[in-house]
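Counting starts at 1 for both ligands and their atoms, following the listed order.
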Amino acid sequence: MTPDELRKIKQTELAAQSKVRLSLHVCTAASCLSNRSDQVAEALVSELKRYGMDADCEVRCVGCMGLCSAGPLLSVEPTGVMYRDVTPEKTPEIAEAIYSGKVVEKYRCDTTTPFFARQQKIVLENSGRIDPDNLNHYIAADGYEALASVLTEMTPTEVLAQITASGLRGRGGAGFPTGLKWNTVAKVDHPRKFVICNADEGDPGAFMDRAVLESDPHRILEGMAIAGFAVGAERGYIYVRAEYPLAIKRLRQAIRQATRAGLLGNQIMGTPFNFDIEIRLGAGAFVCGEETALIASIEGKRGLPRPRPPYPASYGLWGCPTLINNVETFANIAPILRNGGAWFASIGTEKSKGTKVFALAGKINNTGLIEVPMGIKLRDIVEQIGGGIPDGKSFKAVQTGGPSGGCIPAQFLDMAVDYDALIQVGSIMGSGGMIIMDQSSNMVDVARFFMEFCMSESCGKCVPCRVGTWQMHELLDRICKKQATNDDLELLKELCDTVKHTALCGLGQTAPNPVLSTLRYFESEYTELINAACGMRDAACGQT
Ligand SMILES: Cc1cc2nc3c(=O)[nH]c(=O)nc-3n(C[C@H](O)[C@H](O)[C@H](O)COP(=O)(O)O)c2cc1C
Ligand code: SF4
């Protein structure tokens with residue numbers, strides 16, 4: 001398809017969509033699907049027929065609308081009326097109301113609340129709006145426009161300049177400047193280069209990347225193709241965990257569609273640029289999200305990290321220069337090219353540009369997926385967008401950054417959420433998991449949970465992590481069971497320091513973080529458990 005044909009498809013699709021009087025958007029991302037949203041969609045199709053509305057109304061299966069705790073969600077467009085907890089049994093009542101131009105208030109989801117109003121969507125701009133299996137929907141939403149202009153109007157150097165100007169930082173965890181990474185790969189003179197999309201998403205409680213892939217897969221393909229053009233690569237891989245069957249299905253469909261339409265493959269859009277994308281499945285090992293382990297896994301080897309340097313940018317897949325970015329990083333690329341790097345850089349804070357997608361989970365009223373501008377106050381996320389803590393309890397801490405992150409206590413609720421501020425308080429942005437805890441959460445138990453995760457996910461290649469995570473978990477377990485002494489606590493602190501500074505890869509190096517941050521802010525909870533243990537021992541001594 002040429003850029004002209006792309007424009008024509010967009011116009012035709014928009015014209016067809018303008019003839020649809022009402023579009024009933026049903027979320028069919030994994031969370032709502034697990035609550036029978038596919039049956040809701042089927043029931044609504046029958047209801048539209050029953051009321052003779054099927055000629056000018058449609059049921060559209062869309063991706064994630066964000067408020068997963070209220071799913072299945074149904075949004076009636078263009079009225080914007082949203083229904084929550086929709087079941088197939090409720091559809092006759094809802095359809096009757098739609099037919100009569102009314103609203104079933106008891107099932108209504110209030111979209112004027114901060115959960116919807118305070119968000120700013122770039123990555124999720126199409127989520128919940130387009131059918132992820134429909135290429136024309138993506139095209140009608142400006143899809144592949146950025147790729148068309150990149151291939152026909154820009155040089156790789158100009159693309160690199162826009163990405164650098166945007167200030168985008170990698171969304172996979174470390175926040176490495178994307179422009180710098182792309183420039184590094186572009187500069188290496190090599191006949192074969194690769195682009196990899198890291199969709200391994202292994203952090204407990206994280207589902208941001210899954211939602212993006214399930215809701216808007218073409219956006220990732222477009223971002224990767226632009227990256228390929230910018231750095232000089234002709235092949236891309238998406239490494240996605242096998243536990244994401246729906247994301248894989250939609251990605252496969254999107255790759256097939258894009259290839260058939262000439263948006264991937266040889267001579268894309270009639271230009272000399274060739275780019276193919278293949279999917280590689282991960283078997284669910286957390287460590288395979290680490291870039292060198294991921295590369296080994298794609299090469300068919302056991303997924304073990306290796307020391308860096310050399311970094312993948314110069315020595316990656318099969319020894320070739322490789323650009324590896326996270327799903328959300330790629331999801332930002334097309335909007336940056338469409339609107340310009342300066343536009344993106346105008347959103348967020350000085351050193352953290354754009355928006356961030358977070359998966360809100362734990363003790364919070366509105367669990368789900370949100371996208372907010374960088375720099376938003378933590379309090380706004382918890383109290384406004386998240387709707388506060390359930391059951392009248394109070395906020396105790398938020399865990400960000402998964403097993404590599406930390407727990408941020410209530411005293412920092414007014415901090416601005418950006419990469420550097422989170423590091424300053426002893427946590428990290430990570431990939432976007434946010435687990436909220438209330439007064440009933442025991443912070444030593446939280447640290448034990450994450451250490452158990454790291455211990456079981458440690459690949460065992462290096463001693464500090466293989467043995468250290470086991471020993472730290474043992475000590476945490478002893479503290480939780482009120483069997484530890486003050487010496488155990490000192491040993492735990494010492495081990496944290498040793499593992500942090502001697503482990504081979506990020507998994508081991510950051511495994512102590514949840515312990516260190518809970519010690520920093522909640523040491524009294526450790527000492528209370530240890531004092532209780534001493535008391536029990538003293539009592540036992542007194543009895544004998
Ligand atoms: C143990 C471990 C697991 C990781 N898992 C992921 C992951 O699931 N997804 C991801 O994008 N990055 C993950 N990373 C970070 C990657 O190694 C890499 O930095 C990232 O994919 C780069 O993309 P970005 O620059 O767009 O953030 C992980 C790192 C470590 C140490
Ligand atoms: S730090 Fe842990 S996960 Fe990383 S190489 Fe060493 S043993 Fe493996």
TODO: Around atom 21 (O) of ligand 1, find the nearest protein heavy atom and jot down its residue, atom name and distance.
DONE: Asn198 ND2, 3.0 Å
- [ ] Could you tell me the residue and atom name of the protein heavy atom closest to atom 17 (O) of ligand 1, and the distance to it rounded to 0.1 Å?
- [x] Glu291 N, 3.0 Å
TODO: Indicate whether the side chain of Tyr138 and that of Glu222 have a donor and an acceptor atom separated by less than 3.5 Å.
DONE: yes
TODO: Using 2.8 Å as the cut-off, note every protein N, O or S atom close to atom 2 (Fe) of ligand 2.
DONE: Cys465 SG
Task: Sequence neighbours excluded, every pair satisfying salt bridge (Lys or Arg N to Asp or Glu O under 4.0 Å) that has a member inside residues 144-161 - done: Lys10-Glu145
- [ ] Answer yes or no: is there an ion pair linking Arg478 with Asp488, defined by an N-O contact shorter than 4.0 Å?
- [x] yes
- [ ] Considering heavy atoms of the protein only, find what lies nearest to atom 16 (C) of ligand 1 and give residue, atom and distance to 0.1 Å.
- [x] Gly289 O, 3.4 Å
Open item on the list: For atom 8 (O) of ligand 1, what is the closest protein heavy atom, and at what distance to 0.1 Å?
Closed with: Glu201 N, 2.8 Å
TODO: Could you find the nearest protein heavy atom to atom 11 (O) of ligand 1 and give me its residue, atom name and distance?
DONE: Asn326 ND2, 2.8 Å
TODO: Could you check atom 26 (O) of ligand 1 against the protein and tell me its nearest heavy-atom contact, residue, atom and distance included?
DONE: Thr329 OG1, 2.7 Å
Open item on the list: Is it true that Asn126 and Asp216 share a donor-acceptor pair across their side chains at a distance under 3.5 Å?
Closed with: yes
TODO: Could you list which atoms of ligand 1 come closer than 4.0 Å to a heavy atom of Arg171?
DONE: 26 (O), 27 (O)
Task: Ligand-side contact atoms (ligand 1) for residue partner Gly506, heavy atom cut-off under 4.0 Å - done: 31 (C)
Task: Closest protein heavy atom (residue, atom, distance) for atom 29 (C) of ligand 1 - done: Glu290 CA, 3.7 Å
- [ ] Report the relative orientation of the aromatic rings in Phe412 and Tyr521; use parallel for angles under 30°, tilted for 30 to 60°, perpendicular for over 60°.
- [x] perpendicular
Open item on the list: Can a side-chain donor-acceptor contact be found between Ser404 and Asn513 if the only test is distance below 3.5 angstrom?
Closed with: no
Open item on the list: Between Thr355 and Gln120, do the side chains contain a donor N or O and an acceptor N or O under 3.5 Å apart?
Closed with: no
TODO: Measure the distance from atom 27 (O) of ligand 1 to every protein heavy atom, then report the residue, atom name and distance (to 0.1 Å) of the closest one.
DONE: Gly172 N, 2.7 Å
Open item on the list: Checking the side chain of Ser37 only, and the main-chain atoms of Cys27 only, is there a donor and an acceptor separated by less than 3.5 Å?
Closed with: yes
Open item on the list: If I apply the N/O under 3.5 Å rule, does Val287 come out as touching ligand 1?
Closed with: no
Open item on the list: Does any N or O of ligand 1 fall below 3.5 Å from an N or O anywhere on Asn325, backbone included?
Closed with: yes
TODO: For Ile324, take its heavy atoms, then give the atoms of ligand 1 lying under 4.0 Å from any of them.
DONE: 22 (C), 23 (O)
Open item on the list: Within the 4.0 Å heavy-atom shell around Lys181, which atoms of ligand 1 are there?
Closed with: 22 (C), 23 (O), 24 (P), 25 (O)
Open item on the list: Salt bridge check, Glu474 against Arg448: does any charged N sit closer than 4.0 Å to a carboxylate O?
Closed with: no
Task: Pair Arg219 + Glu125: basic N to acidic O under 4.0 Å - done: yes
Open item on the list: Please determine whether a side-chain nitrogen of the Lys or Arg among Glu291 and Arg306 lies less than 4.0 Å from a carboxylate oxygen of the Asp or Glu.
Closed with: no
TODO: Verify whether the ring centers belonging to Phe275 and Phe229 lie closer than 6.0 Å.
DONE: no
Open item on the list: Pairing donors with acceptors under 3.5 angstrom, does anything connect the side chains of Gln162 and Thr164?
Closed with: no
Task: Interfacing atoms of ligand 1 (cut-off 4.0 Å, heavy-atom, Gly202) - done: 8 (O)
